[in-house]
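Below, each value reflects all heavy atoms present in this structure, side chains not excepted, and no hydrogens, waters or symmetry copies. Start at 1 with the first residue, then count along the sequence.
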Amino acid sequence: MSTDLPANAFCLQGVSKTFSYFRLEGLNLSLPQGQIMGLVGPNGAGKSTTIRLLMGLVAADAGAIEALGFRIPDQVEQAKRAIAFVSDDMRLFSNATLDWHMRFVASIYPQWDELYARQLLKRFNLRAEQTVTKLSRGEHVKALLLLALARRPALLVLDEPTSGLDPVARHELLAELMEIVRDERRSILFSSHNTQDVERICDQIAFIDRGRLVDSRDKESFLERWRRISVDVPTGVVLPRLADVVDVSLGERVAVLTTDNYLPQTQALLEQSGGRVRDVQRMSLEEIFVACVMRSREREPS
């Protein structure tokens with residue numbers, strides 16, 4: 001594979017896939033090289049299906065998929081030489097040691113970095129002589145990640161990797177992922193329903209629900225655009241209808257507005273109508289995600 005990587009680590013254009021009780025519809029998604037994308041959605045939203053399509057494990061019914069410049073699934077074999085995939089349901093050989101697994105993976109992938117693998121052993125507090133049956137849930141996940149990371153992949157694809165991990169193990173994993181992308185040639189797709197993990201480490205965020213992409217943009221844009229505004233509304237005052245307000249909660253004399261495009265003039269428009277802005281609050285990524293999904297479901301009920 002050439003050392004010159006394409007601008008995007010992966011690109012999905014108009015991708016659809018239909019199963020008996022689920023449909024992924026018209027998915028457009030791409031990740032710039034050297035960044036981390038958090039793919040966020042409820043259970044059953046389509047996160048794992050998206051990843052399986054990207055990895056060539058299932059074929060799309062429509063659309064085009066590329067990973068590291070290779071067409072998927074036609075050139076999936078070439079692509080997988082530089083892609084490492086870890087899923088929370090992957091299992092290692094139960095009676096083999098971690099050292100055996102390391103030697104096995106090293107024999108397949110020429111780019112295996114033995115020094116880095118030994119560093120990860122220490123960092124993850126693992127022992128090479130441990131058999132898989134003696135690994136805890138968290139240790140098993142860290143062993144899978146060690147085997148993936150030591151290959152030095154250009155693209156690392158993680159499907160719910162922190163599921164079931166204790167807080168310390170999650171911290172270790174996330175810290176290592178942040179370290180990886182200091183090398184601008186390496187990229188990560190990280191699926192999760194844990195918005196705190198995603199908010200901490202991701203550059204790009206994609207929200208998916210019921211097989212549809214709800215929204216996708218860089219993290220800072222999400223956090224800067226969304227606000228929750230509390231407004232005192234005196235008797236007889238009618239607040240203006242603002243195009244970017246996605247939700248309004250009315251109390252006896254207080255209205256709480258949620259906007260996905262907060263601008264300085266937003267507050268001025270509310271106060272010109274006779275309202276008094278009491279508070280403007282930033283929203284967490286979890287709050288933004290819920291608001292995005294609820295708006296999407298109102299527009300396109302299943």
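Look at K47 and D159 and you find no salt bridge, because none of the NZ, NE, NH1 or NH2 atoms lies under 4.0 Å from a carboxylate O. Between R210 and E25, none of the side-chain N atoms (NZ, or NE/NH1/NH2) sits under 4.0 Å from a carboxylate O, so this pair counts as no salt bridge. Using a cutoff of 4.0 Å between basic side-chain nitrogens and carboxylate oxygens, R91 and D89 are not scored as salt-bridged. With respect to K134 and E139, no salt bridge is recorded, no charged nitrogen being found less than 4.0 Å from a carboxylate O. Taking the charged nitrogens against the carboxylate oxygens, R295 and D247 have no contact shorter than 4.0 Å, which rules out a salt bridge. A salt bridge is absent between E172 and R123: the closest approach of a Lys/Arg side-chain nitrogen to an acidic carboxylate oxygen does not fall below 4.0 angstrom. Comment: D99 engages R103 in a salt bridge, judged by a side-chain N to carboxylate O separation of less than 4.0 angstrom.
For S284 (side chain) and E287 (main-chain N/O), a donor-acceptor pair under 3.5 Å exists by modelled atom type. When atom types are taken as modelled, the side chain of D113 and the backbone of Y116 share a donor-acceptor pair closer than 3.5 angstrom. Of the possible polar contacts, none joining the R23 side chain to the S20 backbone as a donor-acceptor pair under 3.5 Å is found. In this structure a side-chain-to-backbone donor-acceptor pair under 3.5 Å is missing from R151 to Q111. At least one donor-acceptor pair closer than 3.5 Å links the side chain of R227 to the backbone N or O of L223. Remark: side-chain polar atoms of D61 are paired, donor with acceptor, to backbone N or O of T18 under 3.5 angstrom. The main-chain N or O of F10 is never found under 3.5 Å from a side-chain atom of N8 such that the two would form a donor-acceptor pair. When atom types are taken as modelled, the side chain of Q130 and the backbone of L135 share no donor-acceptor pair closer than 3.5 angstrom. Judged purely by atom type and a 3.5 angstrom limit, T259 uses its side chain to pair as donor or acceptor with the backbone of D244. Checking side-chain atoms of S16 against main-chain N and O of G26 turns up a donor-acceptor pair under 3.5 Å.
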*Run the numbers on I205 and K219 for side chain to side chain contact (heavy atoms under 4.5 Å, CB included), then give the verdict.*
CA-CA 6 Å; I205 297 170; K219 178 179 68 178; 3.7 Å; yes
Q.
R170 vs D197, test: salt bridge (charged side-chain N to carboxylate O under 4.0 Å, His left out). Steps then yes/no.
A. CA-CA 8 Å; R170 281 175 54 225; D197 289 349; 2.4 Å; yes
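Checking I65, L53, L12 one by one against L27, the side chain to side chain contact (heavy atoms under 4.5 Å, CB included) holds for a single residue, L12.
Taking the side chain as every heavy atom from C-beta outward, H140 and V132 approach each other to under 4.5 Å. With a 4.5 Å cut-off on side-chain heavy atoms, P42 and D209 count as touching. Considering only heavy atoms from C-beta on, R212 stays 4.5 Å or farther from S296 through its side chain. Side chains of W226 and S221 form no contact here, defined as non-hydrogen atoms less than 4.5 Å apart.
F207 and F222 have their aromatic ring centers within a separation under 6.0 angstrom.
Side-chain heavy atoms closer than 4.5 Å link hydrophobic residues (I, L, V, M, F, W, Y) into clusters, and following such links, possibly through other members, connects W100 to F124. There is a path of hydrophobic side-chain contacts, each under 4.5 Å, that joins V76 to I83. In the hydrophobic clustering of this structure, L257 does not group with M294; members are Ile, Leu, Val, Met, Phe, Trp, Tyr whose side-chain heavy atoms approach within less than 4.5 Å, directly or through other members. Cluster membership check: L263 does not share its hydrophobic cluster with I229, using side-chain heavy-atom separations under 4.5 Å among Ile, Leu, Val, Met, Phe, Trp and Tyr. Connection of Y262 to V290 is not established within any shared hydrophobic cluster, with ILVMFWY side chains joined at heavy-atom distances below 4.5 Å, either directly or through further cluster members.
Because its NZ or CZ atom is both nearer than 6.0 Å to the ring centre of F19 and within 45° of the ring axis, K17 counts as a cation-pi partner of that residue.
Within 6.0 Å of atom CD in E114, more than 12 heavy atoms from other residues, nucleotides or ligands are found, so the atom counts as buried in its surroundings. Annotation for R137: atom CZ counts as buried by contact number, over 12 foreign heavy atoms lying within 6.0 Å. For E129, the CD atom sits in a packed shell: over 12 heavy atoms of surrounding residues, nucleotides or ligands are nearer than 6.0 Å. Remark: F22 CZ is packed, more than 12 non-hydrogen atoms of other residues, nucleotides or ligands lying under 6.0 Å away.
Remark: E160 CD to S48 OG distance equals 6.5 Å, nearest 0.5 Å. Of the inter-residue distances, the one linking K142 atom NZ with E176 atom CD reads 11.5 Å to the nearest 0.5 angstrom. In this structure, CD1 on I201 lies 13.0 Å from CD on Q196, to the nearest 0.5 angstrom.
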